[in-house]
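A, B, ... follow the sequence lines: proteins, then strands. Residue 1 opens every chain.
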Amino acid sequence: MPTCSTKYQGEIEYSEDAVLNFAWGPFGFEAETRFVLIEVPPARPIVFLQSLATPGLCFVALPVFVVDPAYRLSLAPEDLSALELPANRQPRIGEEVLCLVLITVQKNRPTTANLMAPVVVNLGSRNALQTLAFEVNYSHQHEFLQPEEDAVCS
Amino acid sequence: MLIMRRREGEAIMIGDDVEIRILSIGRSKVKIGITAPRTVPVSSHEIELVRSENQAAAGILSDGPALVARLLRARVQETPEKSPEVTDQKEEE
């Protein structure tokens, strides 16, 4: 099995099945088109999107329903075609596509999820892209976890 | 801010080589065509927001994932629901 260096897990072995091929890299990282999807049991439901080209680049992501159980996709026609999905309707999350939101976490600040630009993966082909939700007004900094209190008891 | 009214098909010029044309007008959206030299970067406001948010997401600290996992577990324990996942968690304690 091929191996790669990762930001969080050191050197790992991965299977080609876990490689996502992005039609275009995430915004701001347009040249990064191959990511390995890593799941680590203690960190569940967190999913790591590790760049194969850049060991120091890894996004921390969550399945969108963990953050917003009512989330609705709004993929543009060009997204649907890049993902090789039917053009006449939105795909079903969890059945046809995996929908991940990228997480930003900073000390003493609320943890936020980027609901405006989810990463959508065609579960059949492993084609992926970061889309821009344009039908619904989702925030790119949706606060969903409050920071820990400094004083820890118990 | 300069405000101009345009009909479908009409255009606006910015300088000598940037043209913005109103291609079609829908109920709540307009389709705009932009012609500009390659040296002029064109992107929507939202893309700029997402670009900088991706930079922030990529730059999180090495203990970030562990922190998120801990906060998520704390959230599950605070809001007991009838889902089997929550029941499992309680049995473990």
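Heavy-atom minimum distance, B:E53 versus A:H140: CG-O, 3.4 Å. Of all heavy-atom pairs spanning B:A69 and A:P42, the tightest one is CB-O, 4.5 Å. The two residues A:V66 and B:R75 come nearest to each other via the heavy atoms O-NH2, 2.9 Å. Residues B:G64 and A:V105 approach most closely at CA-CG1, 3.8 Å, considering heavy atoms. A:Y8 approaches B:I60 most closely through the heavy-atom pair OH-CG1, 3.3 Å.
Here the side chains of B:R51 and A:E30 are in contact, with some heavy-atom distance below 4.5 Å.
Using a 4.5 Å cut-off between heavy atoms, A:I46 touches chain B through its side chain atoms alone. For A:F144, the parts sitting under 4.5 Å from any heavy atom of chain B are the backbone and the side chain alike. Heavy-atom distances place both the backbone and the side chain of B:I47 under 4.5 Å from chain A. If you measure heavy-atom distances from A:Q130 to chain B, the contacts under 4.5 Å come from the side chain alone. At a 4.5 Å heavy-atom cutoff, A:V40 makes no contact with chain B through either its backbone or its side chain. At a 4.5 Å heavy-atom cutoff, the contact between A:T112 and chain B is made by side-chain atoms alone. If you measure heavy-atom distances from A:L62 to chain B, the contacts under 4.5 Å come from the side chain alone. Interface remark: B:S43 contributes no atoms to any contact with chain A (heavy atom separation under 4.5 Å).
Placement of B:L61 and A:V60 in two distinct hydrophobic clusters is found when ILVMFWY residues are connected by side-chain heavy-atom separations under 4.5 Å, directly or transitively. Under the 4.5 Å side-chain contact rule for hydrophobic residues, A:L123 and A:V119 share a cluster. Cluster membership check: A:W24 does not share its hydrophobic cluster with B:L49, using side-chain heavy-atom separations under 4.5 Å among Ile, Leu, Val, Met, Phe, Trp and Tyr.
In this structure, B:D63 CG and A:K107 NZ are separated by 4.0 Å, a value rounded to the nearest 0.5 Å. Separating the CZ atom in B:R70 from the CG atom in A:L145 is a distance of 11.5 Å, to the nearest 0.5 Å. We find the CG-OG1 distance between B:L67 and A:T111 to be 6.0 Å, quoted to the nearest 0.5 Å. A:F27 CZ to B:E48 CD: the interatomic distance, rounded to the nearest 0.5 Å, is 10.5 Å. Summarising the geometry, atom CG belonging to B:L72 is positioned 8.0 Å from atom CD1 belonging to A:I103; distances are rounded to the nearest 0.5 Å.
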